Amino acid sequence: MPELPEVEAARRELEPVMHGARFERVLVRRPDLRRPFPRRFAARLSGRTVRALTRRGKYLLADLSSDETLLMHLGMSGSFRLDHSDPGPHDHVVFEMSSGTVVTFNDPRRFGVMDLVATLRLDAYPALRSMGLEPLGDDFDGAALARACARRRTPIKVALLDQRVVAGVGNIYASEALNLAGLSPRQRASSIATPGGAPKPAAYRLAAAIKRVLRSAIARQTAATYRQSRFRVYDREGEPCPTRGCAGTIVRLDQAGRSTFYCPVCQRAQTSIAVPTPRSRR
DNA sequence: ATTGAGACCTGTCGGC
DNA sequence: TGCCGACAGGTCTCAA
């Protein structure tokens, strides 16, 4: 489930019941997710008020009145539920909020994370410290993307999954954005930048495609209609490429152990890697 | 310093 | 029907 759009959708769902509310009771029904919970987890939350609920990449951040921040990551299979049903299997954490709502965290695979850190030291939190720009932020554009990709020799698809390059993009939307931008997932990340790190046109197209794909996914998530999302290429091996005028067929390929879906016709590696560019300075 | 492979954990789905 | 392997939208660590 959770890449940036899904996490943002969760944030928007939780915000009304958590923002300004107090943790009345915290139930930890299992001592660990991907990592053990921080010590005295429930006690440190109880009685605290949520001053703000924000998102950074795939993390949800609850700013607490105790000057600590609750970090939540959904991993591969995490989700929140707002109801009063009895806890079932894989319901690992239950928050009873003063707003009257019960927030239940469910995570079958337990790749999720819950952590507490002093808000003043939030920036030093390892996963956040090295995290790249927010793709929906104003400062993320072709130039920023090119800078982040310059000098990376991995395939561009693999680079997009690296949270240090762009925050919040995962396996689905990496494939989606590359298709929309008409870029091959196999070309080197550095191929969208000049040797000096300046953006090539592909960098602008890709940055715009990332924004567009994420925004439309958020809109779909937020829509009350719970219909299964339709993807351009993800999980569509053998189907026709959605690009207008393209007669290609989606293929699947393995990159760094993850599935990539793309159209070999309209996503041909543009530039054969080394396009000699005129003298450029660093 | 990068990069790839393996590990973590559980559920589901397709094939035999 | 039932079993078994392959695979799943994410990180983290380790070794080359």
Side-chain angles (χ1 to χ4, degrees), chain A residues 1-11 29-37 55-61 71-80 88-93 105-115 117 125-132 135 147-179 185-191 193 197 210 213-214 216-218 220-221 226-238 250-262:
Chain A
M1 216 196 139
E3 296 185 29
L4 185 152
E6 293 76 21
V7 178
E8 177 58 23
R11 191 196 71 74
R29 306 184 65 243
R30 201 196 151 108
D32 61 316
L33 293 174
R34 192 169 82 220
R35 307 194 297 253
F37 284 87
R55 180 189 56 73
R56 177 77 173 99
K58 298 172 192 168
Y59 281 85
L60 286 174
L61 308 173
L71 295 95
M72 299 175 278
H73 193 291
L74 302 182
M76 203 84 131
S77 59
S79 63
F80 289 98
H90 312 307
D91 286 345
H92 303 307
V93 185
F105 178 69
N106 180 283
D107 184 9
R109 287 177 77 179
R110 292 197 293 113
F111 283 171
V113 172
M114 294 250 171
D115 208 349
V117 60
Y125 194 81
L128 299 181
R129 182 163 33 95
S130 54
M131 197 173 282
R147 238 176 287 125
C149 287
R151 240 167 283 115
R152 295 205 176 237
R153 305 176 60 78
T154 43
I156 184 80
K157 155 65 164 35
V158 176
L160 289 179
L161 292 186
D162 188 333
Q163 300 299 293
R164 294 170 299 184
V165 173
V166 195
V169 173
N171 202 41
I172 290 181
Y173 300 109
S175 282
E176 296 294 286
L178 286 165
N179 175 260
R186 320 170 67 144
Q187 67 190 71
R188 279 192 183 156
S190 56
S191 67
I210 290 171
V213 160
L214 295 179
S216 86
I218 291 174
R220 242 178 328 176
Q221 296 282 333
Y226 234 47
R227 198 157 21 113
Q228 183 51 38
S229 340
R230 302 297 289 168
F231 300 123
R232 297 173 61 82
V233 293
Y234 185 83
D235 206 17
R236 288 179 172 280
E237 184 178 21
I250 306 305
V251 301
R252 161 190 176 146
L253 119 113
D254 190 278
Q255 291 186 293
R258 320 286 310 272
S259 290
T260 298
F261 297 86
Y262 81 111

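Chain letters run A, B, ... following the sequence lines, proteins first and then strands; every chain starts at 1. All values derive from a computational prediction rather than experimental measurement.
Atom NZ in A:Lys58 sits about 13 Å away from atom C1' in C:dC12, given to the nearest Å. Between A:Arg188 atom CZ and B:dG4 atom P there is a gap of 11 Å when expressed in whole angstrom units. Between the C1' atom of C:dC7 and the CZ atom of A:Phe111 lies a distance of 12 Å, rounded to the nearest Å. A:His90 has its NE2 atom 8 Å from the C1' atom of B:dG11, to the nearest Å. Separating the OH atom of A:Tyr173 from the C1' atom of C:dG10 is a distance of 15 Å, rounded to the nearest angstrom. One atom, CZ of A:Arg30, and another, P of B:dC9, lie 9 Å apart when rounded to the nearest Å. Atom CZ of A:Arg109 is separated from atom C1' of B:dA7 by 12 Å (rounded to the nearest Å). Rounded to whole Å, the distance from CZ on A:Arg35 to C1' on B:dC9 is 16 Å.
For A:Arg258, taking side-chain heavy atoms from C-beta onward, the closest of the listed nucleotides C:dC12, B:dT3, C:dG10 is C:dG10. The side chain of A:Arg252 approaches C:dC7 more closely than any other nucleotide in the set C:dC7, C:dG9, B:dG4. Nearest to the side-chain atoms of A:Arg34 among the listed nucleotides C:dA8, C:dC12, B:dT3 stands C:dC12. Out of B:dT3, B:dG4, C:dG9, the shortest distance to the side chain of A:Asn171 is found at C:dG9.
Phosphate proximity of C:dT11 to A:His73: present, with a side-chain N or O under 4.0 Å from OP1 or OP2. For the OP1/OP2 pair of C:dA8 and a distance below 4.0 Å, the side-chain nitrogens and oxygens of A:Ser259 include at least one atom meeting the criterion. For C:dG10, the OP1/OP2 oxygens have no side-chain nitrogen or oxygen of A:Gln163 closer than 4.0 Å.
The closest side-chain heavy-atom distance from A:Leu128 to A:Leu71 is below 4.5 Å. Residues A:Arg188 and A:Thr154 are not in side-chain contact: their nearest non-hydrogen atoms beyond the backbone lie 4.5 Å or more apart. With contacts defined as side-chain heavy-atom distances shorter than 4.5 Å, the pair A:His92/A:Met114 does not qualify.
The residue A:Gly170 sits close only to the backbone: its heavy atoms come under 4.0 Å of sugar-phosphate atoms, none of a base.
Aromatic ring orientation, A:Tyr125 versus A:Tyr59: perpendicular (interplanar angle above 60°, classes split at 30° and 60°).
Summarising the base pairing, C:dA16 is matched to B:dT2 through a Watson-Crick or G-U wobble pair whose two defining distances lie under 3.5 Å. Pairing of B:dC16, defined by two Watson-Crick or G-U wobble distances under 3.5 Å, is identified with C:dG2.
A:Glu3 places a side-chain N or O within 3.5 Å of a backbone atom of A:Asn171 that can act as its donor or acceptor partner.
The number of heavy atoms from other shown groups lying within 6.0 Å of CZ (A:Arg153) does not exceed 12.
Annotation: C:dC14 and B:dC9 have their P atoms spaced 16 Å apart (nearest Å). The same atom, P, is picked in C:dC7 and in B:dA5; the two are 15 Å apart, to the nearest Å. Nucleotides B:dT3 and C:dG9 have their C1' atoms positioned 22 Å apart, rounded to a whole Å. Atom name P, nucleotides C:dT11 and B:dA1: the rounded distance is 23 Å, in whole Å.
Looking at A:Arg110, its side chain has no donor and acceptor atom pair within 3.5 Å of the base of B:dC9.
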